[in-house]
Amino acid sequence: MGAILEVNLLSPITLAFVLGVIARLVRSEFSLPRDVYAGLGIYLLFALGLKGGVELAKASWGVIVLPAVITLALGCIRPLTSYAVLRRVGGLGVSDSAGIAAHYGSVSAVTFIAAMSFAAGMDTPAEGYMPTLLALLETPGIAIALTIGALKMGGSRNTREVMHEVLTGRTLVLLVGGMAVGYVSAPEAWAQVAPFYDGAIFKGALVLFLLEMGVVAGERLNDLRQTGAFLVAFGIAMAVIHGLLGAAAGAVAGLGVGGTTVLAAMSASASYIAAPPAVRLTLPDANPTLSLTASLAITFPFNIIVGIPLYYQFASWLVR
Amino acid sequence: MGAILEVNLLSPITLAFVLGVIARLVRSEFSLPRDVYAGLGIYLLFALGLKGGVELAKASWGVIVLPAVITLALGCIRPLTSYAVLRRVGGLGVSDSAGIAAHYGSVSAVTFIAAMSFAAGMDTPAEGYMPTLLALLETPGIAIALTIGALKMGGSRNTREVMHEVLTGRTLVLLVGGMAVGYVSAPEAWAQVAPFYDGAIFKGALVLFLLEMGVVAGERLNDLRQTGAFLVAFGIAMAVIHGLLGAAAGAVAGLGVGGTTVLAAMSASASYIAAPPAVRLTLPDANPTLSLTASLAITFPFNIIVGIPLYYQFASWLVR
Amino acid sequence: MGAILEVNLLSPITLAFVLGVIARLVRSEFSLPRDVYAGLGIYLLFALGLKGGVELAKASWGVIVLPAVITLALGCIRPLTSYAVLRRVGGLGVSDSAGIAAHYGSVSAVTFIAAMSFAAGMDTPAEGYMPTLLALLETPGIAIALTIGALKMGGSRNTREVMHEVLTGRTLVLLVGGMAVGYVSAPEAWAQVAPFYDGAIFKGALVLFLLEMGVVAGERLNDLRQTGAFLVAFGIAMAVIHGLLGAAAGAVAGLGVGGTTVLAAMSASASYIAAPPAVRLTLPDANPTLSLTASLAITFPFNIIVGIPLYYQFASWLVR
Amino acid sequence: MEPAVLTRLRLVTIVGETVLRERLTRQLLEWGATGYTVTPSSGKGSRGIRTGDVPGEGLRIEAVVDSSTAERILSGIAGLYFEHFSVIAWVSEVQVVRGDKYVRP
Amino acid sequence: MEPAVLTRLRLVTIVGETVLRERLTRQLLEWGATGYTVTPSSGKGSRGIRTGDVPGEGLRIEAVVDSSTAERILSGIAGLYFEHFSVIAWVSEVQVVRGDKYVRP
Amino acid sequence: MEPAVLTRLRLVTIVGETVLRERLTRQLLEWGATGYTVTPSSGKGSRGIRTGDVPGEGLRIEAVVDSSTAERILSGIAGLYFEHFSVIAWVSEVQVVRGDKYVRP
Ligand SMILES: Nc1ncnc2c1ncn2[C@@H]1O[C@H](COP(=O)(O)O)[C@@H](O)[C@H]1O
Ligand SMILES: Nc1ncnc2c1ncn2[C@@H]1O[C@H](COP(=O)(O)O)[C@@H](O)[C@H]1O
Ligand SMILES: Nc1ncnc2c1ncn2[C@@H]1O[C@H](COP(=O)(O)O)[C@@H](O)[C@H]1O
Ligand code: NA
Ligand code: NA
Ligand code: NA
């Protein structure tokens, strides 16, 4: 574990994230322009989708069935475990519990990308169809948490509208749409653009993106005092529990060490892109500071710095 | 033709465009940030200009004279054919006819870029001086259409001001200025930056750009109901007619199959960047929805998906 | 000198700058979107920092001591020479002199980047720790000039606040932070992202960045009439004097030809990013048009076009 | 040019979270506005929730409407959003040329 | 600090298509404004032409002027733009410190 | 929905250089505002210094406040910034729902 952790810590990807956090802590005004940050995010997601599709085209469709079903099941469990812990252990109200559960039932796309990159770097690249699994994991997670909230709070008429937004959101369009494009593309045509979406350009862009993620996460650190110790414990414990669950699911589904690591990392992660507006619109009395601080200031850094190597360790134990 | 069409359809460039259209049709909120989209467009145009200039420096100036003269003539004909069809066949008013004619007298830079890329992919790269031809084709086209409109509507004092804007617009600055830079640059100095402006990076950026073009075009599809069947027919027929005209011009000018394909694609295309503000300022009673829907929702997708392979076919027949 | 100047003039980097200036002079509306421009600047600075750190990790810390001390001294001298010339020779008021001195006491990061790139192109790459020297040169320069102004104008309570902004500004975070990341990164991990931050991608991005710098500088040329002949003479003379001073400092510090060229170019340059807001807040009665015109419309173009080759010449004479 | 005939109307300005963009603009039209203008904004208010706590910048929506529509909009906004959302609204008097443009027939 | 002396003036707000930026700001100064402030905007109006149908976002221009200049601006805008362009304008009363700054000498 | 109870307050609008963002917003709260809204802007004024001469776009800050706070803000701005900075300010009358939100207790 020590050696794997070191590999992760001495990677420019992790170090750039730490630099971003530090820049924020010394109150530097540095930050990537909003549009550049969004553009990098789009590029990274689309690249992953494309590459996933190209890989999938080489595989047979059959191999994806079991992992898909198991990932769907995992997607249904994660919001429930989150909600239960928040209500029972944390004693939070219904809205706040459901709101945070929607974040922990969804997936952080950046954690996913970092895990994909880590797995490839360990010479155990994940399966090509991982982006599909992300889509299957993300969607029921948000839906179930919002439904719990809506039911308990007395029905919101907005759930349909909001689910449309989640399903057609940037992350899914780019990952699933990118997979379709990659799947259909002629191999020679793909070869001509492939270096732009892979290798050093992809990883270099990821470094820049994580620099800004550090700034964004660092901005949230201030709120930790306000949100209290339970949330810190929750953000880390939930990551480890869901990471273990995800690793187990990956092993059962027959994924390799790389794929299992990535599924575990996805499972351990919490959304800060898709979930927040969905929760804001359906559960307006949930305090957004709580859910965003937990996912951005605790779970995300934990996963990037120690989580992913840990899930790799889980995967090495559980696979085969 | 079938095989060529397939090459085009299975390219990530075309597929990304289709994905963008679909994303819009399912009402996804996905779109590239405005500044990133503009930045990509600038990069693509500048890259083409640079590469054109580098190629031109290897050729002798004499070879460009005939293609230039013929392209200029083509540039004078296109707005007139467009205007005549719109007035006579379509029965549109003077302003709307002149306004749409300015769009179809001008050139879509993205169609040009896609055609350059397609020609290179077919192993028949176009001549290096094509960006100059684009400039020669674009400028008289807009000017003539606006002049018709201004004359018939009773003189607008803005035409000079507007022509200055067209001549110093982004597209021409980047293409012509880029050519000058490429022409003058020392070959060893160019070699050091060339990979950034060519190959996989150029094509990969084009894929991303066309993803957003798909969104932009898809946004216009709704307006088709409103603008009616004539405009749909016009947008396709005009592309085919002007494409054939352009292919003939290319063959007569002595261009190769690649150059002829690109000239035909330029000729078949319609502007949606340079023409709209020019028309808006000089012919304010022309309805912008008509011209933008025709160029963006009909002619552009037609050219990207089936037009360019078709013009390649024309070129193969006509050249030698 | 003629040959070196030609190398510089026929490089796409310089030519793109000239194209930007011309585009502005013909009143083209062309300009890079603000966010893309900022994003490119961040990428370039971060890339330099990273590469500097990677190089530094290969060297021993001892070698940096002497250059650091000498650069610090140079950083203390530059604002004083500038202030003296502006007050005595130019007869400007205290605020304007201190304000302009803060710009010429600071450093233009883009001139630095262009000089690094030029030195590498001449096969005399600069030392890896140059980004550290930039930080050491920049900071005392601004601080001393602002302090002169504040003392003479009767104490400003904002100097601390402003120095915090300078020290945590974008340029220093990216250069110094990037160096730290590069220094700590495992070599194999760095190797995977290195091509994104070096070679053709770095140089190609620099070309695009200088295109926009040309537009920005060109915008200022109009103000020259208003600001008068003294400022033009000052902008060039100061560059040459500080360039010579920097070259001497580099030679004494034991830098190679490349490092000496870069230190001279830094010394000859004037800030237009860090200094302006700092001056605006502490010396509000200084006219910002004066300092910005001098640094952007005179000193910057002078350095990019003839200065850097000249300092290379100085360096070739003085080193060994 | 003849002097413009001016009509006295109300300008309603709403400042709030970006997530509400779709809803707020739809409702404005339902409540009787004939149009609206949106500008991006950021800010700070009494609620302690900074702009950006919820994703997206804030927004600032203006609508020129007649006084009864203004009433309707203000009470609508107050009823639907004041409790749980970072939304505020104010109204002022303005004069416009061609006042019929702003009143639903 | 002594209390500021306030002058009653007019604030003219114009909302319209971005293509008109150059013209509108030039004309504002011609009609007597001493300055203006522009913010980007988007919106929807009665004309059915959405912002973005013509390239570029919409814009929102404000100018603090005296009442006769306000009159001149409103009738100028109405005469030149209302027919064919997506442009609207309104005027309100404001109070400023140092009112002479906003009046052409 | 019952009709909203309206309170008459002041809307202070400040337009100025971006470098002042931190200071202006801090001072607004010190002078008694309970919140503010910032939008990006550009513009031209009498001073001959264009937006952009000093780095960054201009900004436009609005605060809904009671009339004595408005007074305090206007004289504060005039005293601190009018001489050396590109800053202007105006105030207008507005009506708000739940007026207590805008008054410091
Ligand atoms: N007094 C005020 N004046 C102007 N804008 C305000 C004021 N109070 C709040 N705002 C704006 O309204 C938004 C929500 O405020 P709040 O609901 O108080 O958190 C803030 O982000 C500000 O943009
Ligand atoms: N009632 C209104 N209130 C505020 N802004 C409006 C209103 N009507 C139109 N606008 C703005 O004016 C622009 C042009 O409107 P129109 O000329 O009606 O198409 C729209 O894009 C809106 O930004
Ligand atoms: N009469 C005016 N109406 C509206 N905005 C103005 C006016 N005069 C100046 N401004 C704004 O205030 C800023 C500073 O103006 P000044 O201090 O006159 O240079 C300008 O950039 C404009 O945004
Ligand atoms: Na997410
Ligand atoms: Na065009
Ligand atoms: Na600088």
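Chain letters run A, B, ... following the sequence lines, proteins first, then strands; residues in each count from 1. These figures come from a predicted structure and were not determined experimentally.
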[X], part contacting chain E, at a heavy-atom distance under 4.5 Å:
{"X": "D/Arg104", "answer": "neither"}
{"X": "D/Val64", "answer": "side chain"}
{"X": "D/Leu28", "answer": "neither"}
{"X": "D/Thr37", "answer": "both"}
{"X": "D/Leu59", "answer": "neither"}

field: Considering all heavy atoms, the nearest D/Pro40-E/Pro40 contact
entry: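 Here D/Pro40 and E/Pro40 meet closest at CD-O, 3.9 Å.
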
task: Looking only at non-hydrogen atoms, find the nearest pair between E/Ser92 and D/Val94 and report the distance.
output: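 Nearest heavy atoms, E/Ser92 then D/Val94: CB-CG1, 3.9 Å.
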
Flag the pair [X] / [Y] as yes when at least one side-chain heavy-atom distance between them is below 4.5 Å, and no otherwise.
{"X": "D/Val97", "Y": "E/Phe82", "value": "yes"}
{"X": "D/Leu6", "Y": "E/Leu74", "value": "yes"}
{"X": "D/Thr25", "Y": "E/Lys44", "value": "no"}
{"X": "D/Glu62", "Y": "E/Arg60", "value": "yes"}

- request: Starting at CD1 of D/Ile61, measure out to OG of E/Ser41 and round the result to the nearest 0.5 Å.
  value: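 Here the rounded value is 12.0 Å.
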
query: side-chain contact (heavy atoms from CB on, under 4.5 Å) between D/Leu9 and E/Trp90: does it pass, once the steps are laid out?
result: CA-CA 9 Å; D/Leu9 286 171; E/Trp90 62 80; over 6 Å; no

query: For D/Ser68, what residues pass the side-chain contact (heavy atoms from CB on, under 4.5 Å) criterion, not counting sequence neighbours?
result: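 Partners of D/Ser68 under the side-chain contact (heavy atoms from CB on, under 4.5 Å) test: D/Asp66, D/Arg72.
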
- prompt: With sequence neighbours left out, what residues match E/Arg8 under salt bridge (Lys or Arg N to Asp or Glu O under 4.0 Å)?
  reply: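 By the salt bridge (Lys or Arg N to Asp or Glu O under 4.0 Å) rule, E/Arg8 matches E/Glu93.
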
query: chain D heavy atoms under 4.5 Å from E/Ala89: which part of the residue, side chain, backbone, both or neither?
result: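 Answer is backbone: N, CA, C or O of E/Ala89 sit under 4.5 Å from chain D.
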
task: Select one option (side chain, backbone, both, neither) describing which atoms of E/Val91 are under 4.5 Å from chain D's heavy atoms.
output: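 When you check distances to chain D, atoms from both the backbone and side chain of E/Val91 fall under 4.5 Å.
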
message: Counting neighbours of CD on E/Glu22 that are heavy atoms of other residues, nucleotides or ligands and sit closer than 6.0 Å, is the number greater than 12?
response: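 Counting neighbours around CD of E/Glu22, 12 or fewer heavy atoms of other residues, nucleotides or ligands fall under 6.0 Å, so no.
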
